[in-house]
Amino acid sequence: MKFLMMMIFMIPLCFLKNMFWMVQMLLLLMMFIFMNLSVNINNFSNITYMLSCDMISFGLILLSIWICMLMIMASESLYKNNYYLNFFLFNIIILLIMLYLTFSVMNLFMFYLFFEGSLIPTLMLIIGWGYQPERIQAGMYLLFYTLFASLPLLMGIFFIFNQLNFMMMYFLKFYNMNLFLLYLSMIMAFLVKMPMYFVHLWLPKAHVEAPVSGSMILAGIMLKLGGYGLLRVMIFFQNLSLKLNYIWIIISLVGGLYISLKCFCQVDMKSLIAYSSVAHMSLVICGIMSMNYWGYLGSYLMMIGHGLCSSGMFCLANINYERLHSRSLFINKGLMNFMPSMSLWWFLLMSSNMAAPPSMNLLGEISLINSMISWSWLSMIMLIMISFFSAGYSLYLYSYTQHGKYNIGIFSFSTGVSREYLMLMLHWLPLNMLIVKIDYMMIWF
């Protein structure tokens with residue numbers, strides 16, 4: 001509750017003059033206060049009114065505050081051009097409030113409300129600060145895909161309330177619902193949000209049209225809403241899940257492979273990173289759907305790791321875009337000659353993206369592979385391919401942008417300012433340092 005109050009009282013600050021970095025620093029402060037919160041590992045703690053926090057939501061709320069702080073840091077070009085600055089900050093705070101409430105609320109209906117509410121500030125970000133005229137279409141895709149799948153979720157929640165007369169997530173685990181339509185309606189919204197293959201088309205569009213802050217929040221948090229929802233609702237569909245989950249797992253495995261191959265066809269840096277997110281999230285879906293301890297654990301770790309890593313890669317793409325005014329791989333070549341120190345960051349984030357040690361993605365991927373192979377050893381073939389190609393497209397993006405002859409149209413520019421290096425450092429350090437305290441995340445379930 002106190003953090004909610006803190007965020008609400010930050011709203012007036014957004015409308016004062018010269019408060020851009022102040023808001024960012026306050027978010028940083030809030031992050032450190034939140035980190036020191038004592039969280040009970042087994043069940044919900046810090047319960048006030050409807051809000052509470054357990055291990056899953058704790059990590060995701062931390063990630064939300066962190067990414068929102070880095071979003072402000074990445075959007076310095078808005079500050080320079082004074083481009084609707086106050087409304088931008090206001091938007092980010094509202095978005096953060098929505099995300100905070102989504103992750104910490106215990107009531108299913110409230111969860112639905114904030115789950116959908118976080119869509120509106122994101123839409124504002126894409127349509128208000130996006131680059132190309134296609135951003136309206138991208139916004140529509142985003143809105144209609146998610147809303148179309150979410151209406152059955154609302155119906156499902158009402159049905160549960162009608163049957164049981166309560167909607168607290170914690171108590172629902174004592175019930176077992178064996179209704180196929182209910183299962184489908186509860187799960188579909190989260191699969192679209194993840195996004196699962198077949199319903200992923202809104203994601204690359206939204207990413208390519210969004211400004212850097214929009215891309216960061218989309219990749220960092222929005223995709224995790226789906227995973228969080230699945231982790232929460234899978235508990236009371238256990239019988240049905242054991243019968244039907246193989247469908248989603250098969251779609252995700254095959255889809256992950258297709259998407260990985262599709263990454264090699266991309267010429268736009270942002271869309272390549274966006275498609276790689278879909279490939280990673282398909283593994284997360286498999287982990288949750290396999291309904292075992294390793295899978296739950298791995299999907300949680302993968303969500304946190306991917307949130308930091310993907311967000312950092314969008315920052316890198318944006319740094320290049322601000323210099324060269326293009327995201328095309330044909331123009332972003334030979335950047336090692338121009339920004340040698342930036343090449344190191346490209347390398348570090350790319351290596352984390354393909355799950356190299358010591359990143360959290362590695363541990364998440366190992367857990368997910370464990371869970372999938374214990375579910376069925378046939379999935380090994382697909383997993384080998386997905387892992388191999390994820391290394392492949394990461395290397396493809398790295399070598400294509402950093403090596404080769406640079407474009408003749410580029411003339412000299414700065415290699416990168418301290419703000420950018422700090423921003424990348426703040427993505428990379430938690431991603432690779434959290435592995436030291438990984439035991440903390442391993443116990444939560």
Side-chain angles (χ1 to χ4, degrees), residues 1-14 23 26-27 29-31 33-35 37 39-40 43-69 71-72 89-125 142-143 146-147 150-151 153-154 156-158 160-161 166-172 186 189-190 193-194 213-214 216-218 220-233 300 303-304 307:
M1 203 65 186
K2 55 191 171 194
F3 294 102
L4 184 60
M5 283 303 162
M6 183 169 176
M7 284 183 279
I8 289 171
F9 284 117
M10 273 161 72
I11 292 175
L13 279 183
C14 303
V23 173
L26 278 172
L27 285 180
L29 176 72
M30 188 166 107
M31 161 88 189
I33 300 173
F34 193 82
M35 266 167 86
L37 207 60
V39 175
N40 192 341
N43 44 29
F44 290 97
S45 53
N46 302 316
I47 299 178
T48 57
Y49 294 99
M50 280 186 184
L51 308 177
S52 76
C53 192
D54 70 341
M55 211 47 223
I56 314 177
S57 38
F58 180 70
L60 288 165
I61 291 171
L62 269 187
L63 185 65
S64 306
I65 303 174
W66 194 239
I67 298 279
C68 282
M69 182 205 73
M71 276 161 68
I72 298 179
L89 289 175
F90 173 67
N91 214 3
I92 286 185
I93 299 290
I94 294 291
L95 185 54
L96 183 57
I97 290 175
M98 286 295 180
L99 289 170
Y100 176 78
L101 287 168
T102 311
F103 289 132
S104 61
V105 84
M106 291 165 74
N107 185 317
L108 257 181
F109 175 68
M110 290 308 217
F111 168 72
Y112 172 81
L113 203 67
F114 297 124
F115 176 79
E116 288 308 313
S118 60
L119 208 61
I120 296 163
T122 320
L123 193 68
M124 293 282 196
L125 273 177
L142 169 78
L143 203 62
T146 26
L147 285 181
S150 298
L151 192 66
L153 172 64
L154 184 63
I157 290 171
F158 286 159
I160 288 174
F161 184 64
F166 65 83
M167 286 190 285
M168 284 295 170
M169 287 180 188
Y170 183 72
F171 297 120
L172 282 170
M186 291 295 281
F190 301 129
K193 200 77 166 180
M194 281 294 283
S213 49
M216 284 167 74
I217 201 75
L218 266 172
I221 321 287
M222 288 303 174
L223 279 67
K224 315 301 172 271
L225 284 174
Y228 174 77
L230 283 178
L231 284 172
R232 289 276 190 240
V233 300
Y300 177 67
M303 284 196 293
I304 304 268

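Since we're looking at a predicted model, the values are computed, not measured.
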Side chain to side chain contact (heavy atoms under 4.5 Å, CB included) with Phe44: of Ser52, Cys53, Ser104, only one passes, and it is Ser52
Point-to-point distance, once rounded to the nearest 0.5 Å, from [atom1] of [X] to [atom2] of [Y]:
X      : Y      : atom1 : atom2 : result
Leu230 : Met186 : CG    : CE    : 10.5 Å
Met169 : Asn107 : CE    : CG    : 8.0 Å
Leu26  : Ile65  : CG    : CD1   : 12.0 Å
Ile92  : Met124 : CD1   : CE    : 14.0 Å
Met10  : Leu89  : CE    : CG    : 9.0 Å
Ser64  : Met71  : OG    : CE    : 10.5 Å

Can you tell if the side chain of [X] reaches within under 4.5 Å of the side chain of [Y], non-hydrogen atoms only?
X      : Y      : answer
Leu96  : Phe3   : no
Leu99  : Phe114 : no
Leu29  : Met6   : yes
Arg232 : Ile56  : yes
Phe190 : Leu225 : no
Lys193 : Leu119 : yes
Met31  : Cys68  : no
Lys2   : Leu37  : yes

More than 12 heavy atoms from other groups under 6.0 Å of CE on Met167: yes
Taking everything shown except Phe171 itself, do over 12 heavy atoms lie less than 6.0 Å from its CZ?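 Result for CZ/Phe171: open.
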Which atom names give the shortest non-hydrogen contact between [X] and [Y], and what distance separates them?
X      : Y      : answer
Ser150 : Glu116 : OG-OE2, 2.6 Å
Gly117 : Pro121 : O-CD, 3.0 Å
Leu125 : Asn91  : N-ND2, 3.6 Å
Ile157 : Leu108 : CD1-O, 3.7 Å

Main-chain N/O of Leu95 paired with Ser118 side-chain donor or acceptor, under 3.5 Å: no
Ignoring hydrogens and geometry, is there a side-chain-to-backbone donor-acceptor pair from Tyr100 to Met7 under 3.5 Å?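 Side chain of Tyr100 to backbone of Met7: no pair is present.
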Checking Ser213 now: which residues fulfil side-chain hydrogen bond (donor to acceptor under 3.5 Å, both in side chains) with it, not counting sequence neighbours? none
Relative to the ring of Phe58, is the ring of Phe34 parallel (under 30°), tilted (30 to 60°) or perpendicular (over 60°)? parallel
Give me the ring orientation class for Phe111 and Tyr228: parallel if the planes are under 30° apart, tilted from 30 to 60°, perpendicular past 60°. tilted
Could you walk me through whether Met303 and Leu231 pass the side chain to side chain contact (heavy atoms under 4.5 Å, CB included) check? CA-CA 12 Å; Met303 284 196 293; Leu231 284 172; 3.8 Å; yes
